[in-house]
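Chain A is the first sequence line, chain B the second, and so forth, proteins listed ahead of strands; every chain is numbered from 1.
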2 protein chains.
Amino acid sequence: MVRKPARSGIKPDAKATSTRKPNMREAILAAAEELFSTYGFNAVSVRDIAQAAGANPGSVTYHFKTKDGLLLEIYRRHCGPMNRRRSELLAEARRVRDLQDRLEAIVRAYVLPAFTSGSDLAGGGTRFTRLRAIMSAEGNEVVRKIIAQTFDDTSHALIDAIHESLPHIPRTDLVWRGHFLLGALYYTLVTPERVSRLSRGSADGTNAGHAIEELVRATVAALQAARLDQPTPVPRKTASANPGRALT
Amino acid sequence: MVRKPARSGIKPDAKATSTRKPNMREAILAAAEELFSTYGFNAVSVRDIAQAAGANPGSVTYHFKTKDGLLLEIYRRHCGPMNRRRSELLAEARRVRDLQDRLEAIVRAYVLPAFTSGSDLAGGGTRFTRLRAIMSAEGNEVVRKIIAQTFDDTSHALIDAIHESLPHIPRTDLVWRGHFLLGALYYTLVTPERVSRLSRGSADGTNAGHAIEELVRATVAALQAARLDQPTPVPRKTASANPGRALT
DNA sequence: TGAATATTTGGACGACAGTACAAATATGGT
DNA sequence: ACCATATTTGTACTGTCGTCCAAATATTCA
């Protein structure tokens, strides 16, 4: 790990009181999720995780075989409930009559489950989404597969629902704007203190409620934007930088 | 680096043919920038960089002392020109008469220099901004200092300029929306292939020109959005979910 | 209970990390 | 040519990494 962990209180002490099950596996998962979502995958070692969970490094290997396997299991835990919740809210949102309200509900259906996970209520959804944000930047191969398999359906459903409500806007534009939504969401979870700093304290970046409201408001407005009727036809010559090569 | 380097024992021979100036320092900087912006800081080793630059690992230490020092120098190279360009374009933008055009110009003044660096024309700006995006997710300590020192001024200038053009919108809201802009920008540079995939090929995420146009259009619309209360005064209950809890 | 199984432990392995350093070499001014 | 300096090289040091494994311990069920 890059910084010293300062010994966060993830100790599995006092376990025998209520539950007869120590369930080291769960403790390891929780510790890994917390550490990965804070420092990133590459910066956290298996030993860091084991120590935070009060377990032996060998135990991690026993339960999850590899470090990638551990990450995979974390994703498996959250993806199902989160996307199920999104589907429910999206179906609800589609039935809203007023266009403006419907759009807002659709965006909310996508954003809300990213902050509140179904199973874990203590900021679990936020933690997992922050993890997703970090992983998208670090570019882990295991994650890339999961995303294409699991999240693309949800994203398509979002875009389709929006397109239904805004049929006059090209689908391609909506893909872009939905992409920007996810980027804004990720960035807010990764660097919330930046909002507090730039607003000189008048906004709290770590307040999920505020973040959601601002994000929904901005996104609904962006989605409804018409094409610019090209006051400047093509970006200036300086914007010649088109890396034809593949990124990532 | 994540993948195995295959350990080719071949040495960088035949270097003295054309140019009489090896300038290994520059080669190391270029290689490090390329590798860091592709795989992240933690995933790339000093040895990876040295090999990519055709240099000896000790040479990296000689020129930049530490790995962090190398990263620091990369930032130093780009921050000055990029922010100077932003200031120029921003001053230009402020003088535009029409409100809509002015807003657009202001946003462009912030976005364009992120894609086209002053010195390097072959996608250098894009590469550096992608690096910044990855670093913001990985959370390096050295970078955090640079950002607070160097980029906050630029961000404040952007927000102030927008606030001048949209005085009826609370500054706090503009901070949020500017934050979303940066998040969207970062995410587009980090995962451009996602746009191509979700649009089923009808949009090219790696095309900087398109990305800029879409980003500017969406951002201008988002910036002008009024509070949700104003246009539709009806409080709704459709999106039943209730956010309100703190995160992190 | 005792046997079968599941889990935990502590240590080991080879690979690779960042950095340091003396020797070798290249460079530039006189 | 010479010397002083700048750079490059090869290697070595000390950690830490992910993973493995045999022994120890806990758990479950006949």
Side-chain angles (χ1 to χ4, degrees), chain A residues 1-5 11-13 15-16 19-32 35-36 39-74 138 140-142, chain B residues 1-32 35-36 39-74 138 140-142:
Chain A
M1 186 152 25
V2 174
R3 325 183 208 7
K4 291 291 160 256
K11 277 336 269 290
D13 50 287
K15 60 198 163 190
T19 53
R20 280 302 301 154
K21 243 176 133 200
N23 218 351
M24 204 43 109
R25 194 186 141 95
E26 294 301 319
I28 292 170
L29 271 173
L35 290 175
F36 285 159
Y39 303 105
F41 182 76
N42 293 329
V44 174
S45 72
V46 172
R47 286 170 175 83
D48 289 333
I49 297 165
Q51 181 178 340
N56 190 286
S59 232
V60 177
T61 306
Y62 171 74
H63 284 290
F64 306 99
K65 197 62 185 170
T66 67
K67 195 183 171 192
D68 275 341
L70 177 53
L71 181 66
L72 192 64
E73 182 57 27
I74 293 175
E138 282 194 336
N140 183 281
E141 195 52 44
V142 175
Chain B
M1 187 140 36
V2 174
R3 322 186 209 354
K4 293 282 166 277
R7 260 306 178 205
S8 73
I10 321 284
K11 292 270 101 179
D13 50 289
K15 56 193 165 192
T17 49
S18 54
T19 55
R20 278 314 290 161
K21 208 151 160 238
N23 213 351
M24 209 38 115
R25 193 187 143 95
E26 295 301 319
I28 291 170
L29 271 173
L35 290 175
F36 285 160
Y39 302 104
F41 182 75
N42 292 330
V44 173
S45 72
V46 172
R47 286 170 175 83
D48 290 332
I49 297 165
Q51 181 177 338
N56 190 284
S59 232
V60 178
T61 306
Y62 170 75
H63 284 291
F64 306 99
K65 197 62 185 170
T66 67
K67 196 183 170 193
D68 275 341
L70 176 51
L71 182 66
L72 192 64
E73 182 57 27
I74 293 175
E138 282 193 337
N140 183 280
E141 195 52 45
V142 175

Within this structure, what is the CG-to-C1' distance between A:Leu35 and D:dC17, rounded to whole angstrom?
16 Å
All N/O contacts under 3.5 Å from nucleotides 24-26 of chain C to the protein, with atom names and distances to one decimal?
none

Distance, rounded to the nearest Å, where B:Ile49 contributes CD1 and C:dC16 contributes C1'
15 Å
Please write out each protein N/O paired with an N/O of nucleotides 18-21 of chain C under 3.5 Å, distance rounded to 0.1 Å.
{"from": "C:dG18", "atom 1": "OP1", "to": "B:Lys67", "atom 2": "NZ", "distance (Å)": "2.8"}
{"from": "C:dG18", "atom 1": "OP2", "to": "B:Val46", "atom 2": "N", "distance (Å)": "2.8"}
{"from": "C:dG18", "atom 1": "N7", "to": "B:Arg47", "atom 2": "NH1", "distance (Å)": "2.6"}
{"from": "C:dG18", "atom 1": "O6", "to": "B:Arg47", "atom 2": "NH2", "distance (Å)": "2.6"}
{"from": "C:dT19", "atom 1": "OP2", "to": "B:Lys67", "atom 2": "N", "distance (Å)": "2.8"}

Length of the CD-C1' vector between A:Gln51 and D:dC17, whole Å
15 Å
For a quick test of reading the model: is some side-chain N or O of B:His63 closer than 4.0 Å to OP1 or OP2 of D:dT8?
yes
Show the nearest heavy-atom pair for residues B:Leu70 and B:Ala32, with the distance to one decimal.
CD2-CB, 3.7 Å
Out of D:dT7, C:dT7, D:dC17, which has the shortest distance to the side chain of A:Asp48?
D:dC17
Approximate separation, where rounding is to 0.5 Å, of A:Glu141 CD and A:Asp68 CG
9.5 Å
Starting from C1' on C:dT9, measure out to CE on A:Met24 and report it in whole angstrom.
11 Å
Rounded to whole angstroms, how far apart are CZ on A:Phe64 and P on D:dG18?
15 Å
Taking it one step at a time, do B:Thr66 and B:Leu72 satisfy side chain to side chain contact (heavy atoms under 4.5 Å, CB included)?
CA-CA 10 Å; B:Thr66 67; B:Leu72 192 64; over 6 Å; no
Using OP1 and OP2 only, check whether a side-chain N or O of A:Tyr62 sits under 4.0 Å from C:dT7.
yes
Please determine whether side chain to side chain contact (heavy atoms under 4.5 Å, CB included) holds for the pair B:Leu29 and B:Phe64, giving the CA-CA distance in whole Å, both sets of side-chain angles, and the decisive distance to 0.1 Å.
CA-CA 10 Å; B:Leu29 271 173; B:Phe64 306 99; 3.6 Å; yes
Short question: side chain of A:Glu138, backbone of A:Phe41 - any donor-acceptor pair under 3.5 Å?
yes
Please step through side chain to side chain contact (heavy atoms under 4.5 Å, CB included) for the pair B:Asn56 and B:Tyr62, ending with a clear verdict.
CA-CA 10 Å; B:Asn56 190 284; B:Tyr62 170 75; over 6 Å; no
Please report the interatomic distance OG(A:Ser45) to CG(A:Leu35), rounded to the nearest 0.5 Å.
9.0 Å
Closest non-hydrogen atoms of B:Ile49 and B:Ala31, given as atom of the first, atom of the second and distance, are O-CB, 3.9 Å
For the residue pair B:Asp48 and B:Tyr39, establish whether any side-chain heavy-atom pair is separated by less than 4.5 Å.
no
